[in-house]
Each structure stands twice: as C-alpha cells, then as structure tokens.
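Report on the following structure.
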Amino acid sequence: MKSNENKALTTKNSTFMALKDFNLNDALTEELSGLSGSFERIKIPAAGMTVFEIPGENPDSPETVKEFSAVILHHHPLYAYYTDKYTGGSNPPDCGSFDGITGVGNPGGDCAGCPFNKFGSGENRAKACKNRRRIYLLREGEIFPMILSLPTGSLKDFTRYIMRLLSKGKKSNSVVTKFTLKKATNNSGIAYSQAQFSVDRDLTGEEFALISGLTEQVKVFSVRVGYDNESSVDVAANIDPETGEVIEPLA
C-alpha cells in the first residue's frame, strides 16, 4: 500500500508533468523560426576536475555542480575525424558519423573498417577519429533538453550502466539518472574527468509516457544538430572504450 501511495505522491509532485502541455517541435517552430538554435550543453571539464559546468541564466557564468540528475532521452555515437589537428570552433569534421556505422565525408564509408578509427592512427597511438557519445538529457524542473558529450574515457562506464539497466528490463529513458564525476589518471600520469552513472529513481508510468513522447521528438531533432564544439582535446583518447585498456604513447 505504501509503495502505491509513494508512487502517487511522486507523480503528483513530479516536475515532469509540465510536459503535458509542452510540444518541442511547436516550441522550436514558433520561437526559433529563422534563427539558428540548438540545445545548451553540459560540459565535462578537463584535468580531472570533478564538477560539471551547467548553463545558467548568465551564459558567461555557468553553474558548477558536483552532481545532477536527469532523464536520458536519447543517446547516439558521435565520431569526428579532422585531417588537420582540431583547434576548436564550430567547423565540421572532414568525416563524421552520428551512428558509428557509416562515416560521411572524406574518407567516408564503413567506420569499423576505417584506418582512422584504429588505435595508432592518431597522436599517442590514439584513434585519429575521436569517438564520443552524445546524450540528450532532461533535468527535473525543465522542459528543454540539454546535451552532454561523453569523451572516450567515460564510454566504458556508460556502456556498463546501460547494460545494467537492460538486464533489469529498463530503458535509459525510464529512470532518472544521477551523474557524477571522478578523477582518473592514465598510465602516462595524465588526469582526466570520468563520468559516473547511477539510478536516482524509476519514473512512474505517467511520467514515462510523457518522457517517451519527448524522446521521439528529440530523435527527430537530433539529426539537425551539428558537430559544433564537440571535438575538443580529449586527454583520455588513448583509452580503449571497449576494454578500458590504456594505449601507451610510443617511446
């Protein structure tokens, strides 16, 4: 009985219920017509810092938090290869992929067989093509999603987290996920920030129905989001995301 009462109370007090009267496509069409807009980004700092940078009211002064909770609406691979070393900015890569299967550009084609997607093809025996994962998040109390781009060093833990959810018959958009950071160091002594994931709580059935609707809208919108500011220097890029193995620089 208490369990049902707690669920009812959660639904009643849930800030996700504001999605009942919200349509992402309509909002973007009405408010951003003729404008070039995208979702704001949550940033993972470099050098092993353990606080996220979250956009606030002042764009020049982001909020720094040790942890936050949000629903993972959608996530997909984000591969980017630059012929010349990336130096920042919004220039698109020479070859990129939003599914990790097929690259578009030069050289393009099958990602699995691409020589630039092999360890040893880039600096310090890393991959010349940077493999990241783009996550669309919705924090409680908000109705517009944000983007978090996971670097190579966080992919293994993210994969493990998704597999844990799947083993319990849950999808990533059926729970509220807690995001934290820990300082990690590779065998070369380079510190980097590694994202950690855990379940904060399950969504109620009513919440999940609303979130599922927004998920489908985000999937449609995601194909229009470019590569801007996604391929910054990844100090953990010499970590194999599948095995966790550190690929050491050549002597």
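These values consider heavy atoms only, across backbone and side chains, with no hydrogens, waters or symmetry-generated copies.
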Any heavy-atom pair between the side chains of F197 and L165 that's under 4.5 Å? no
Is the shortest heavy-atom distance from the side chain of L24 to the side chain of V220 under 4.5 Å? no
Would you indicate whether the side-chain heavy atoms of T177 and V71 approach each other to under 4.5 Å? no
Hits for salt bridge (Lys or Arg N to Asp or Glu O under 4.0 Å) against R139, two or more places apart or cross-chain, chain-then-number order -> E142
Any idea which heavy atoms bring S121 and A128 closest together, and the distance? OG-N, 2.9 Å
Under a single-linkage definition using a 4.5 Å side-chain heavy-atom cutoff for Ile, Leu, Val, Met, Phe, Trp and Tyr, are V104 and V225 assigned to the same hydrophobic cluster? no
Hey, what do you get for OG (S212) to CG (L19), rounding to the nearest 0.5 Å? 11.0 Å
May I have the step-by-step check of side chain to side chain contact (heavy atoms under 4.5 Å, CB included) for L73 and I211, ending in yes or no? CA-CA 7 Å; L73 298 170; I211 289 294; 3.8 Å; yes
Apart from V51 itself, residues in the same hydrophobic cluster as defined by side-chain heavy atoms under 4.5 Å: M49
Please evaluate residues L137 and I147 with respect to the criterion side chain to side chain contact (heavy atoms under 4.5 Å, CB included), reporting the C-alpha separation (whole Å), side-chain torsions for both, the decisive distance (0.1 Å), and the verdict. CA-CA 6 Å; L137 304 171; I147 290 176; over 6 Å; no
With distance as the sole test, does D200 use its side chain to make a donor-acceptor pair with the main-chain N or O of S69 at under 3.5 Å? no
Is there side-chain contact between Y192 and T185, with at least one heavy-atom pair below 4.5 Å? no
Verify the cluster assignment for I162 and I101: are they in a single hydrophobic cluster under the rule of side-chain heavy atoms below 4.5 Å apart? no
Partners of F68 by ring pair (Phe, Tyr, Trp, His ring centres under 6.0 Å), sequence neighbours excluded? F52, F179
For R164, the salt bridge (Lys or Arg N to Asp or Glu O under 4.0 Å) test, sequence neighbours excluded, returns none
How long is the gap from CZ on R41 to CE on M146, to the nearest 0.5 Å? 11.5 Å
Contacts of type side chain to side chain contact (heavy atoms under 4.5 Å, CB included), residue A18, not counting sequence neighbours: I143
So do C129 and C114 actually touch side chain to side chain, heavy atoms under 4.5 Å? no
With heavy-atom distances below 4.5 Å as the criterion, would you say the side chains of K20 and L210 are in contact? yes
Verify same cluster id: L203, F22 (apolar side-chain graph, 4.5 Å): yes
Does the side chain to side chain contact (heavy atoms under 4.5 Å, CB included) test come out yes or no for L150 and I44, once each step is laid out? CA-CA 8 Å; L150 287 183; I44 295 177; 4.0 Å; yes
What pairs meet the side-chain hydrogen bond (donor to acceptor under 3.5 Å, both in side chains) rule with one or both residues in residues 165-176, with sequence neighbours excluded? K170-D202, N173-T215
Can you name the side chain to side chain contact (heavy atoms under 4.5 Å, CB included) partners of P62, sequence neighbours left out? E53
Test side chain to side chain contact (heavy atoms under 4.5 Å, CB included) applied to K178 and R201, step by step: CA-CA 9 Å; K178 179 183 290 185; R201 69 174 179 87; over 6 Å; no
Residues forming a side chain to side chain contact (heavy atoms under 4.5 Å, CB included) with D110, sequence neighbours excluded: A112
Going by atom types alone, do R134 and S149 pair a side-chain donor with an acceptor below 3.5 Å? no
Distance-minimising heavy-atom pair for C111 and G103: SG-N, 3.5 Å
Report the C-alpha separation of F221 and Y136 in whole Å, then their side-chain angles, then the decisive distance to 0.1 Å, and conclude whether the ring pair (Phe, Tyr, Trp, His ring centres under 6.0 Å) test is met. CA-CA 11 Å; F221 183 82; Y136 291 84; 7.7 Å; no
Using modelled atom types and a 3.5 Å cut-off, is there a donor and acceptor pairing between side-chain atoms of Q194 and backbone atoms of G153? yes
Less than 6.0 angstrom separating the ring centers of Y79 and F98, yes or no? no
Those residues that, when tested against H75, pass side chain to side chain donor-acceptor pair (under 3.5 Å) (two or more places apart): R133
V199, M163: one ILVMFWY side-chain cluster at the under-4.5 Å cut-off? yes
Minimum heavy-atom distance D157-A195, with the two atoms named: CB-O, 4.0 Å
Look only at the side chain of S193 and the backbone of T50, and say whether a donor-acceptor pair between them is shorter than 3.5 Å. no
Roughly how far, to the nearest 0.5 Å, is CG of L148 from NZ of K43? 12.0 Å
Validation row: S222, H74 side chains within 4.5 angstrom (heavy atoms): yes
Under a side-chain separation threshold of 4.5 Å, the hydrophobic residues clustered together with F116 are Y81
Checking N23 now: which residues fulfil side chain to side chain donor-acceptor pair (under 3.5 Å) with it, not counting sequence neighbours? none
Mind checking whether V176 and F16 have side chains closer than 4.5 Å, heavy atoms only? yes
Pairs where residues 92-104 contributes a residue and the test side-chain hydrogen bond (donor to acceptor under 3.5 Å, both in side chains) is met, not counting sequence neighbours: T83-D94, S97-D99
For the NZ atom of K66 and the OG1 atom of T180, what is their distance to the nearest 0.5 Å? 10.0 Å
